[in-house]
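Below: one structure, written as structure tokens.
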Amino acid sequence: MKEQPLKYLETIEREDFQKDLISWFSREQRNLPWRRDRDPYKVWVSEIMLQQTRVDTVIPYFNRFLEKFPTLDALALAEEDEVLKAWEGLGYYSRVRNLQSAVKEVHEQYGGIVPDTPKEISSLKGVGPYTAGAILSIAYGKPEPAVDGNVMRVFSRILSIWLDIAKPSSRKVFEEAVRALISKENPSYFNQALMELGALICTPTSPSCLLCPVREHCRAFDEGVQEELPVKSKKKAARKLNMAAAVIFTEDDRVVIHKRPGTGLLANLWEFPNFEVSTSRSGRKQLEERLEADYKVDASLKAGVITKIQHVFSHIIWDIEVYAGSVESSALNETELIAVTEQELEKYAFPVSHQKIWKETKLIKN
DNA sequence: AAATCGTGGTT
DNA sequence: TAACCAAGATT
């Protein structure tokens with residue numbers, strides 16, 4: 001016998017639930033820049049930025065991004081380096097490369113109009129099940145589920161669903177719940193209200209049940225188990241990597257940088273030359289060897305470590321020793337390394353770890 | 001299914 | 001402070 005995760009679904013008074021939820025959202029929703037209109041392009045940009053990212057972090061990025069790329073066509077025609085620069089510091093950079101790729105597709109294949117069918121919109125790069133549902137419901141008023149972490153948390157409590165929400169297979173169960181309960185009159189507010197509720201009231205720890213507009217519909221509150229839900233397995237710890245980075249100046253006081261590969265971690269961002277190193281030997285020696293082996297560049301580095309920087313990713317921790325050095329600018333010809341002025345550095349998108357490297361180097365240099 | 005892919009804020 | 005968390009998608 002299989003446990004029925006949606007055994008309480010039939011007990012929800014659908015019309016009452018919708019009304020309580022939507023009227024609360026109508027009263028209490030935050031005034032956010034992407035809620036000023038329903039422009040599918042703006043909704044799209046906001047949804048991509050908000051993936052795994054807090055509202056307060058996104059707001060200034062969203063405003064700057066829309067200033068720089070006000071329309072879908074403007075983004076489609078922009079240079080990728082400029083787009084990455086606008087994303088600098090937001091993280092998960094493949095989001096914005098996929099976004100621009102998809103926007104180009106809409107520009108060329110759909111006449112610049114974001115498609116409004118699940119099949120077409122889901123085929124766009126970077127648009128998964130959540131984002132497809134969010135755009136379809138918020139921009140086009142279609143009754144499609146948009147199941148994110150908030151929605152899984154809210155419904156795990158309301159319907160007392162004890163599935164592990166960290167498992168990919170769980171999402172479809174929550175989508176089924178949303179399909180059964182979503183308002184056909186206002187799917188946009190219904191979906192947004194679930195997320196707003198998760199963000200403001202039905203929080204991961206210490207949910208404010210006494211302020212909750214749908215408390216009377218909540219099975220977990222009824223049973224006093226709201227703090228036990230949702231069930232979420234933990235992911236394994238990040239692994240540490242020892243790195244060494246070199247801030248290398250040319251005789252005319254330019255700085256040597258390198259563009260990362262187009263796939264993988266921090267794809268297409270710029271960086272100071274750096275390598276994984278062994279702790280058993282001098283980081284300086286290993287750097288010089290790798291600069292020669294990988295880039296055919298004969299640079300000379302100073303002996304001491306300038307500074308140590310730690311940078312934590314989701315799945316990796318970089319411990320970086322930073323060295324300074326110099327090179328003849330003519331030695332960089334025909335290599336993957338380029339030398340730019342300090343002023344020009346500002347135009348290149350760097351990961352935060354390398355922003356730290358430059359900041360610390362400048363502090364010590366001056 | 002489990003890893004990969006960033007960063008900053010909170011507990 | 002280490003762990004956890006935040007409007008996920010891709011491989």
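Just so it is clear: chains get the letters A, B, ... in the order the sequence lines come, proteins before strands, and each one is counted from 1.
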Side chain [X], main chain [Y], donor-acceptor under 3.5 Å:
X	Y	answer
A:Thr53	A:Leu50	no
A:Asn191	A:Glu144	yes
A:Arg284	A:Leu301	yes

Identify whether any heavy atom of A:Val312 sits under 4.0 Å from a base atom; if not, whether one sits that close to sugar-phosphate; answer base, sugar-phosphate or nothing.
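Since a base atom lies under 4.0 Å of A:Val312, the category is base.
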
Quick one: label A:Ile48 by what it contacts on the DNA or RNA (base, sugar-phosphate, nothing), any heavy atom closer than 4.0 Å.
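Here A:Ile48 touches no strand at all.
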
When the nearest nucleotide of DNA chain B is assigned to A:Pro168 and to A:Pro351 on a heavy-atom basis, which residue is associated with the more 5' position?
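Checking each residue's closest nucleotide, the 5'-ward one belongs to A:Pro168.
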
A:Ile364 atom CD1: more than 12 heavy-atom contacts under 6.0 Å:
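Check passes, neighbour count above 12.
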
Return the residues of residues 57-64 of chain A meeting this criterion: a heavy atom under 4.0 Å from some atom of DNA chain C. Order them by number, or give none.
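Listed by number, there are none.
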
What about the rings of A:Phe350 and A:Trp358, do their centers lie closer together than 6.0 Å?
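No - the distance between ring centres of A:Phe350 and A:Trp358 does not fall below the 6.0 Å cut-off.
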
Suppose we call two aromatic rings close when their centres sit under 6.0 Å apart. Are A:Trp318 and A:Phe313 close by that rule?
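Ring-ring flag for A:Trp318/A:Phe313: true, centres closer than 6.0 Å.
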
Rounding to the closest angstrom, what is the interatomic distance between [N] and [M] at atom [atom1]?
N	M	atom1	result
B:dG8	C:dA9	P	22 Å
B:dT4	C:dA6	P	22 Å
B:dT11	C:dA7	P	14 Å

So does A:His315 get a side-chain nitrogen or oxygen closer than 4.0 Å to the phosphate oxygens (OP1/OP2) of B:dC5?
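Yes, because at least one side-chain N or O of A:His315 sits under 4.0 Å from OP1 or OP2 of B:dC5.
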
Indicate whether OP1 or OP2 belonging to B:dG6 is found under 4.0 Å from a side-chain N or O atom of A:His311.
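Result: no.
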
Please find the pair of heavy atoms, one from A:Ala180 and one from A:Arg14, that lie closest to each other, and give the distance.
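In this case the closest contact between A:Ala180 and A:Arg14 is O-NE, 3.1 Å.
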
In B/S/- notation, 5' to 3', how is nucleotides 1-7 of chain C contacted by protein heavy atoms closer than 4.0 Å?
---SBBB

According to the interplanar angle, ranging from 0 to 90°, do the rings of A:His258 and A:Tyr295 count as parallel (below 30°), tilted (30 to 60°) or perpendicular (above 60°)?
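Rings of A:His258 and A:Tyr295: tilted, 30 to 60°.
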
